[in-house]
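Reading through the structure tokens given below for one structure.
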Amino acid sequence: MKFAILVNEGPYQHQASDSAYQFAVAAIESGHEVARVFFYHDGVNNGSNLTTPPQDDRHIQKRWSALAAESGVDLVLCVAACQRRGMVDEGERDRNKKDAINVADGFRISGLGQLIEAGIEADRLLTFGD
Amino acid sequence: MKFAILVNEGPYQHQASDSAYQFAVAAIESGHEVARVFFYHDGVNNGSNLTTPPQDDRHIQKRWSALAAESGVDLVLCVAACQRRGMVDEGERDRNKKDAINVADGFRISGLGQLIEAGIEADRLLTFGD
Amino acid sequence: MSTLNIVNKSPFEKRSLDQCITRTSSGDALLLIEDAVVAAVSGTAYDAPLTEAGQNMKLYVLEGDLAARGFADSEMVNGFTPVDYKGFVALVAEHDRVHSWL
Amino acid sequence: MSTLNIVNKSPFEKRSLDQCITRTSSGDALLLIEDAVVAAVSGTAYDAPLTEAGQNMKLYVLEGDLAARGFADSEMVNGFTPVDYKGFVALVAEHDRVHSWL
Amino acid sequence: MEDEEYAGGVQKKFIYINRRAPHGTVYAHEALETVLIGAAFDQDVSMLFIDDGVYQLKKEQRPDSLEMKNFSKAFKALEMYDVEKLFVETESLQERGLNESDLLVDVELVARAKVAELIDQQDVVLSF
Amino acid sequence: MEDEEYAGGVQKKFIYINRRAPHGTVYAHEALETVLIGAAFDQDVSMLFIDDGVYQLKKEQRPDSLEMKNFSKAFKALEMYDVEKLFVETESLQERGLNESDLLVDVELVARAKVAELIDQQDVVLSF
């Protein structure tokens, strides 16, 4: 079965991002496909490569990036949410004249249409939030 | 009277940051001092200079930076929260080997002790959160 | 030695208003801000408990938040005083401490 | 055409569990995750409404979240089935849609 | 944002469930953004307002005094986007001392006992 | 984090009010961090656990199965930091089917009717 996941909260503050990750791993281990994880609202902060969590704690961004690399999960950050929260890739840097880039490997910025498309194409769309 | 303010949530997602700002402005207009605003948890995301909110919307980071410049309010981002959430100044960049800096003018990164100190030295400490 | 209690969530969503009211002293004050202002609008199950709470403490509502949600001062439960942000600042200064019920 | 309802907040903090229960059909299922798992622990005011809800729909609790909060499967209200994350995945696959009561 | 189109030919029943008050958090605003963007995909869209979600449709919202955007006006534009199925739960209104005349737009009232049935007819549930 | 000291000589009464369950959000964890850092400032510190905050003190928490940190052990270290005033509301325990023997550390029970009085004795209230 093909799953899509919506994540509405940032890393560490709420358990939503942890729950979504554990669900995605279990879905893949169960033989399902996780086609896309769409990060909306503060959820886009999951994609920041500037985090340095304590060494004895989980590294939420790296966990997601590894999932994308190993299982081909499409990690999409909502562009409008990124603009409000300061998540920048090359295109956004040039467009909005910013000095830095902070979107981690495996994540890409795109529009809300990617969420709707995921809802249409996946067999199940599942939301994790606050 | 001397006020200190604690902000626990990031910009745009919750009204906490807006309420804290409006309170700070009104306090200063009323003749009080706002000695320090301490940003904890997701609150540290208020200090990102990578945000580009829609032009017809408020620019939360710039509003805070202007308050610091005009009224000398000390805007402090909790270092541990910054590390978990990807807020980086020069020192943090060098220490954690990051490629970018995203702390806006008027904000500085420091320890939780600054919150306790604010509680001791201010006449009132007031929290805005979710 | 009175406390200014601040509640910021709708009581229909979170229990923080109910939880606050059971732990206040006479002489304390209650200020509703953000989504909590809907509790101050008359015609709900909160009319009675807030009217009762108003016997022991002063009740305030942040009028900017009330207006943001489409309500007028005239629709408030009896006993509430609307304040603007400067009134909010004055309340913080008048009370000995502030407790935000997050 | 049944729905998997997911609740993630403690019912002592937020009303989402109460609000979910009044809007389910027989044949639906309820899964408690994150802080909501405390509702599945017996000895609270939720024993009765959840036991009643269990007459019409299947009740599940995510056991990792229960263990995280220091509770054992044996302490659950009658009618709850503990599931691990793979069980959670299976529930999503078995039901026609998922509704997260955020 | 660029106009997005979907040429897949699949039509699903989407329901957007709104349970939060506006302005205290961004979720209500963003749900509406999603509906407006989603309109380009030619899906069967419903919006359901229950619990504090009914406050989103309240007339005369003035968040501009807080320097916040008054997105509630956009509900009036939904019709132009062919989003015409707006359901509001009767009991949620009553519990908040509101009635239909307090709302910005025409809606279809639905009883609490019928809400589960409405949800059970959908393919995709979006809640924020 | 560096050890921070405060040489101002002022001593105030700080109360940390904990009303949230652990693990679902980070607030409980961060409140404890603040208390531990704050201990260096030689203030008069109390912690109060009411509502879902009492779950923070529950024995046998095992968040490691979720790859999350088990910060609850740190409550046992509070004594070493001279943080000895831990108040727990009796009714909050009862409503959750818990009693004193379910808790990780020794606490002082306080009745709901006495909570306001306790808060009214403080200079600074911190709640997250």
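Naming: A, B, ... by sequence-line order, numbering from 1 per chain.
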Next on the checklist: Take a 6.0 Å sphere around CD of F:Glu79 and say whether it holds more than 12 heavy atoms from other residues, nucleotides or ligands.
Outcome noted: no

Checklist entry - For B:Glu9, is it the side chain, the backbone, both or neither that has a heavy atom under 4.5 Å from a heavy atom of chain F? => result side chain

Item to check | Other residues, nucleotides, ligands: >12 heavy atoms within 6.0 Å of F:Lys69 NZ | outcome: yes

Checklist entry - Checking F:Phe14 against chain B: side chain, backbone, both or neither under 4.5 Å from a heavy atom? => result side chain

Next on the checklist: Heavy-atom cut-off 4.5 Å, strictly under: side chain, backbone, both or neither for B:Leu6 against chain F?
Outcome noted: side chain

Item to check | Interchain contact, B:Arg124 with chain F, by part (heavy-atom threshold 4.5 Å) | outcome: neither

Checklist entry - CZ of F:Arg62: more than 12 outside heavy atoms within 6.0 angstrom? => result no

Item to check | Separation between CD1 of B:Ile120 and CD of F:Gln43, rounded to the nearest 0.5 Å | outcome: 3.5 Å

Item to check | From CD1 (F:Ile37) to CD1 (B:Ile116), nearest 0.5 Å | outcome: 8.5 Å

Checklist entry - Top residue by heavy-atom pair count (under 4.5 Å) with chain F, among B:Ala122, B:Ala81, B:Gly119, B:Gly129? => result B:Gly119

Checklist entry - Do you know which of F:Val125, F:Thr34, F:Val124, F:Val26 has the most heavy-atom pairs under 4.5 Å to chain B? => result F:Thr34

Checklist entry - When only heavy atoms count and the cut-off is under 4.5 Å, which of residues 87-102 of chain B reach chain F? => result none

Checklist entry - Within residues 22-44 of chain B, which positions have a heavy-atom distance to chain F below 4.5 Å? => result B:Tyr40, B:His41

Checklist entry - Are more than 12 heavy atoms from other residues, nucleotides or ligands located less than 6.0 Å from atom CG of B:Asp105? => result no

Item to check | Crowding at OH, F:Tyr81 (>12 non-hydrogen neighbours, <6.0 Å) | outcome: no

Next on the checklist: Would you say CD of F:Gln11 has more than 12 non-hydrogen atoms from neighbouring residues, nucleotides or ligands within 6.0 angstrom?
Outcome noted: yes

Item to check | Shortest non-hydrogen contact from B:Asp130 toward F:Arg20 | outcome: O-NH2, 3.2 Å

